[in-house]
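The structure appears below as structure tokens.
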4 protein chains.
Amino acid sequence: MTEEARPRTRRKQARPAELLAAALDCFVEKGFAATRMEDIARRAGVAKGTFYLYFPSKEAVFEALVRETLLPRIATLELSAGVAGCGAEAKLRTILSMLGQVLADPRLVAIPKLVLAEAGNFPDMARFYRREVIARGQALLTALFREGVETGEFRPLPDLDILARLFMGPVVLTALWQTTFAPVEDVPMSIDRLLSTHADLFLTSIKALTGTAGAMGPRTGGAP
Amino acid sequence: MTEEARPRTRRKQARPAELLAAALDCFVEKGFAATRMEDIARRAGVAKGTFYLYFPSKEAVFEALVRETLLPRIATLELSAGVAGCGAEAKLRTILSMLGQVLADPRLVAIPKLVLAEAGNFPDMARFYRREVIARGQALLTALFREGVETGEFRPLPDLDILARLFMGPVVLTALWQTTFAPVEDVPMSIDRLLSTHADLFLTSIKALTGTAGAMGPRTGGAP
Amino acid sequence: MTEEARPRTRRKQARPAELLAAALDCFVEKGFAATRMEDIARRAGVAKGTFYLYFPSKEAVFEALVRETLLPRIATLELSAGVAGCGAEAKLRTILSMLGQVLADPRLVAIPKLVLAEAGNFPDMARFYRREVIARGQALLTALFREGVETGEFRPLPDLDILARLFMGPVVLTALWQTTFAPVEDVPMSIDRLLSTHADLFLTSIKALTGTAGAMGPRTGGAP
Amino acid sequence: MTEEARPRTRRKQARPAELLAAALDCFVEKGFAATRMEDIARRAGVAKGTFYLYFPSKEAVFEALVRETLLPRIATLELSAGVAGCGAEAKLRTILSMLGQVLADPRLVAIPKLVLAEAGNFPDMARFYRREVIARGQALLTALFREGVETGEFRPLPDLDILARLFMGPVVLTALWQTTFAPVEDVPMSIDRLLSTHADLFLTSIKALTGTAGAMGPRTGGAP
DNA sequence: GATGAATGAGCATTCATTCAT
DNA sequence: CATGAATGAATGCTCATTCAT
């Protein structure tokens with residue numbers, strides 16, 4: 001009843017999101033350039049013209065998609081980095097695990113991939129992504145590293161920017177793997193395993209020396 | 001003399017390479033989809049039809065480009081990894097510095113970027129890349145890690161595959177940065193600095209504990 | 001009170017005229033082909049669909065516009081030509097001055113201009129215009145010339161039809177100028193001056209010789 | 001032989017003109033807006049794409065058409081107005097007869113008609129026409145009137161600009177008639193008769209009095 | 001071999017018209 | 001009566017590919 005009460009109106013409200021979802025599906029499947037407007041429309045269950053009632057052009061959908069999907073994500077990350085009461089290491093591990101969830105969702109990883117693939121044709125989009133996603137992510141990580149250094153959790157660290165990039169490197173590689181080779185590849189990669197190994201290696205590299213003996217002790221397992 | 005003796009023949013021999021070079025220029029500049037056959041032909045200084053005497057289609061150029069450019073690269077890497085007489089660490093650093101040279105050359109980084117961007121439209125190409133570039137690179141790194149462990153340079157390491165990925169992560173991220181955001185970005189990133197920091201962090205993480213006390217000592221700088 | 005008593009009814013009565021006015025505005029601004037139904041509707045303050053309650057198609061508005069606007073005009077001209085008590089010359093001058101008013105009003109000249117521009121696409125409209133406007137105007141002028149000849153105001157004149165066309169020529173040219181080049185042109189043309197010069201030249205050409213000597217002698221051809 | 005020697009080359013040379021001719025045919029038949037690119041191409045006997053090898057857009061054909069057709073015409077008129085050895089009256093009559101030929105050729109009159117009809121959508125074209133056709137024509141006529149006044153052929157005339165417009169009025173009206181109502185009308189109009197009557201009336205109005213007494217007396221107003 | 005004119009399928013976008021609410 | 005969301009046919013333009021010279 002409620003659902004069908006005013007279908008016309010209800011649809012009207014839902015349309016943009018439906019179209020965006022359909023567009024994402026298409027982009028994921030065949031890439032931006034190879035996706036025809038009609039594909040998107042048909043997948044959303046509307047006629048071609050209907051599309052243009054909601055988005056003025058193919059590029060516009062792309063932009064909206066990036067905007068709607070990425071910004072909430074990064075905001076969430078920023079939030080979780082801001083909570084007090086736990087150390088920098090814990091926050092970094094949390095971030096990595098949240099990124100792990102993104103990496104595991106094909107529809108979510110697809111967006112950064114699209115931006116990368118189409119950046120040449122959409123410089124504005126590239127700039128937007130750089131400013132709103134990368135720069136914010138980098139700022140977030142840099143702040144965490146500094147926090148860790150200041151609290152003594154991490155040893156003195158130069159080049160926090162570079163550190164942030166090294167931290168993200170495996171994440172980016174995995175994103176690419178998931179979007180590019182996973183569809184073509186039977187042997188799956190364990191994202192969690194990779195990320196937790198990354199966390200272990202990376203964090204022990206930058207952590208302050210605790211105790212007397214070998215810092216690597218715990219990781220080496222049975223080292224005498 | 002010999003070189004210019006039979007210009008017609010010479011040209012005929014050189015044509016495919018000239019066309020590939022022209023194609024790469026175009027792809028770097030405007031991406032695969034946005035490059036028209038005529039662009040490539042004109043840049044190579046031939047007529048549109050001439051192109052088809054050497055390559056049957058646009059896709060074929062792409063494939064040839066990847067084949068011709070990537071395979072020698074990876075072969076070189078394999079060679080340098082094979083030479084005896086130096087430790088695994090030294091070899092890993094050498095590889096990183098060779099990759100650094102690739103990263104610094106826009107025309108070279110462009111190719112993996114193209115593969116990534118167009119993988120969706122060229123599954124065969126993705127498979128080829130996965131098999132001939134990634135798998136071989138991974139095998140190479142895995143072998144090096146194993147070598148290091150066996151010689152006692154590195155501590156016992158599980159999951160060599162994952163390690164290889166972690167090792168490549170920052171390289172991939174940098175490649176993407178160079179091809180995607182560098183053209184749009186004024187603030188340049190120091191590739192060498194990033195890679196050497198990566199080498200330092202990563203290698204000390206996996207190296208066997210030398211000496212008695214804190215393994216991180218050297219890196220911490222002022223450790224007593 | 002009466003006027004506002006039943007606004008709904010009132011609006012319903014006024015709608016067609018409002019829509020026609022809006023349509024005319026649009027046609028004047030951007031031409032018939034470039035005017036979208038939505039433009040007209042929005043300018044009239046109604047929704048697109050409402051338009052179709054009053055006019056079945058875009059063409060229909062056009063036809064109604066011509067019908068509603070032109071017929072009263074020509075009727076007025078016919079009336080003023082019919083009044084007795086003044087000579088043919090006076091009537092012709094009156095007509096010219098009435099036409100001058102039409103020429104000075106952009107919204108009025110626009111209609112004939114539209115008919116001309118779109119005649120190819122609306123043969124029926126062209127026929128209607130030819131029959132109801134041109135033919136009646138021509139009949140009116142022919143009658144006036146004949147009247148002048150009969151009363152001795154004008155000299156004997158052959159080809160009254162041609163004369164009517166010559167009389168209207170400058171009017172038509174001015175209409176075109178106003179609708180086509182005036183919007184694009186800074187140097188304005190004095191319509192009144194042109195029309196009065198036209199009246200002077202034209203009328204003295206056809207008037208009977210007054211005074212003693214044959215003023216028009218040369219023109220009469222065979223006068224010794 | 002010569003004709004078919006190098007058909008490919010020959011066609012290449014002839015194509016633009018063929019396309020222009022085809023376009024004119026289409027425009028004459030259905031107007032600019034209603035003419036589809038494919039109509040033009042098909043009528044020229046080529047494929048749609050071929051059209052774009054020669055003209056970058058629909059508008060471009062229009063412009064080329066106006067340029068190629070009108071400019072030579074007006075140049076011819078200017079030439080014939082420049083020849084010495086005959087009076088201003090003779091030259092005006094010559095001009096009128098040349099215009100008569102234009103008016104009699106449907107394909108020729110169609111062009112000014114198109115300009116008029118589409119001026120709203122192509123302000124540049126309107127400006128071009130105004131500058132290159134109208135202004136030059138007007139200058140030409142004005143010069144002729146001045147010449148006649150100076151040689152004593154014509155009586156002193158004020159407002160030469162207005163005179164030029166009055167002279168052209170019937171020509172313009174006829175042009176419109178031919179393009180707009182003639183296709184819809186069975187009763188044809190004798191162009192020659194109209195133009196020669198126009199010449200007679202108009203010229204005798206402005207000619208100097210040749211007889212004894214002041215023929216123009218009445219018109220000059222204050223002549224004693 | 002080399003050329004470049006010709007092709008025509010393909011696609012983004014527009015807009016008059018309909019009809020469920 | 002009024003609305004405006006939905007439609008889909010229509011059209012300008014692009015570009016990979018072919019082939020006569």
Side-chain angles (χ1 to χ4, degrees), chain A residues 5-13 15 33-42 44-61, chain B residues 8-9 11-12 15 33-42 45-61, chain C residues 8-9 11-12 15 33-42 45-61, chain D residues 5-13 15 33-42 44-61:
Chain A
R6 281 178 298 162
R8 196 68 156 278
T9 303
R10 195 190 63 79
R11 288 311 280 274
K12 171 78 189 305
Q13 302 292 341
R15 274 285 143 76
T35 295
R36 292 176 304 128
M37 299 306 298
E38 193 158 7
D39 297 333
I40 302 177
R42 204 191 307 282
V46 301
K48 220 183 334 173
T50 306
F51 188 94
Y52 286 90
L53 294 178
Y54 297 93
F55 298 96
S57 72
K58 202 179 167 186
E59 274 92 1
V61 217
Chain B
R8 188 105 66 105
T9 303
R11 282 310 277 272
K12 222 177 71 179
R15 273 285 151 74
T35 294
R36 294 175 300 130
M37 297 304 293
E38 192 159 7
D39 298 333
I40 302 177
R42 204 194 305 283
V46 302
K48 224 184 326 176
T50 306
F51 193 96
Y52 286 88
L53 296 176
Y54 296 94
F55 297 97
S57 75
K58 202 179 168 185
E59 276 89 2
V61 213
Chain C
R8 188 104 67 106
T9 304
R11 280 312 275 273
K12 223 179 69 176
R15 273 284 150 75
T35 294
R36 291 174 304 131
M37 298 305 293
E38 191 158 8
D39 298 331
I40 302 176
R42 201 193 308 283
V46 300
K48 228 184 323 176
T50 307
F51 193 95
Y52 285 89
L53 296 176
Y54 296 95
F55 297 96
S57 74
K58 201 176 168 187
E59 276 89 1
V61 213
Chain D
R6 281 178 298 163
R8 197 66 158 278
T9 304
R10 196 189 65 76
R11 287 311 279 274
K12 171 76 188 303
Q13 302 292 340
R15 274 285 143 75
T35 295
R36 292 176 304 129
M37 299 305 299
E38 194 159 4
D39 297 333
I40 302 177
R42 204 191 306 282
V46 299
K48 220 188 329 175
T50 305
F51 189 94
Y52 286 91
L53 294 177
Y54 297 92
F55 298 97
S57 73
K58 202 177 168 187
E59 275 92 0
V61 215

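Because the structure is predicted, anything quoted here is derived from the model rather than measured. What you see below is based on every heavy atom in this structure, not just the backbone, and it leaves out hydrogens, waters and symmetry mates. Below, chains carry the letters A, B, ... as their sequence lines are ordered, and counting in each starts from 1.
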Residues which pass side-chain contact (heavy atoms from CB on, under 4.5 Å) with [X], listed by chain and number, not counting sequence neighbours:
X	answer
C/K48	C/E38
A/A33	B/A33
A/A47	A/T50

For B/R15 and E/dA2, is the shortest distance between a side-chain N/O and OP1 or OP2 below 4.0 Å? yes
Can you check whether A/Y54 has a side-chain N or O nearer than 4.0 Å to OP1 or OP2 of F/dA6? yes
Spacing between [X] atom [atom1] and [N] atom [atom2], to the nearest angstrom:
X	N	atom1	atom2	value
C/Y52	F/dA6	OH	P	18 Å
A/L53	E/dT13	CG	P	14 Å
B/F55	F/dT17	CZ	P	14 Å
B/K48	F/dC15	NZ	C1'	8 Å

Identify, between D/G49 and C/G49, the residue whose nearest nucleotide on DNA chain E lies closer to the 5' end. D/G49
Report the residue (D/A47 or A/S57) whose heavy-atom-nearest nucleotide on DNA chain E is the more 5′ of the two. D/A47
Dot-bracket pairing map - DNA chain F, Watson-Crick plus G-U, both contacts under 3.5 Å, | cross-strand: .||||||||||||||||||||
Can you tell me if A/K58 uses its side chain to pair, donor with acceptor, with the backbone of A/T35 under 3.5 Å? yes
Does C/F55 have any ring-ring contact (aromatic ring centres under 6.0 Å, His included) partners at least two apart in sequence or in another chain, and if so, which? C/F51
Could you tell me whether the side chain of D/L53 reaches within less than 4.5 Å of the side chain of D/R15, counting heavy atoms only? no
Approximate separation, where rounding is to 0.5 Å, of B/M37 CE and B/I40 CD1: 5.0 Å
Taking DNA chain F as the partner, which of residues 33-41 of chain D come within under 4.0 angstrom of it by heavy atom? D/T35, D/R36, D/M37
Which comes earlier along DNA chain F counting from the 5' end, the contact point of D/T50 or that of A/T50, where each point is its nearest nucleotide? A/T50
Tell me which of C/F51 and B/K58 sits closer to the 5' end of DNA chain F, going by the nucleotide each one is nearest to. C/F51
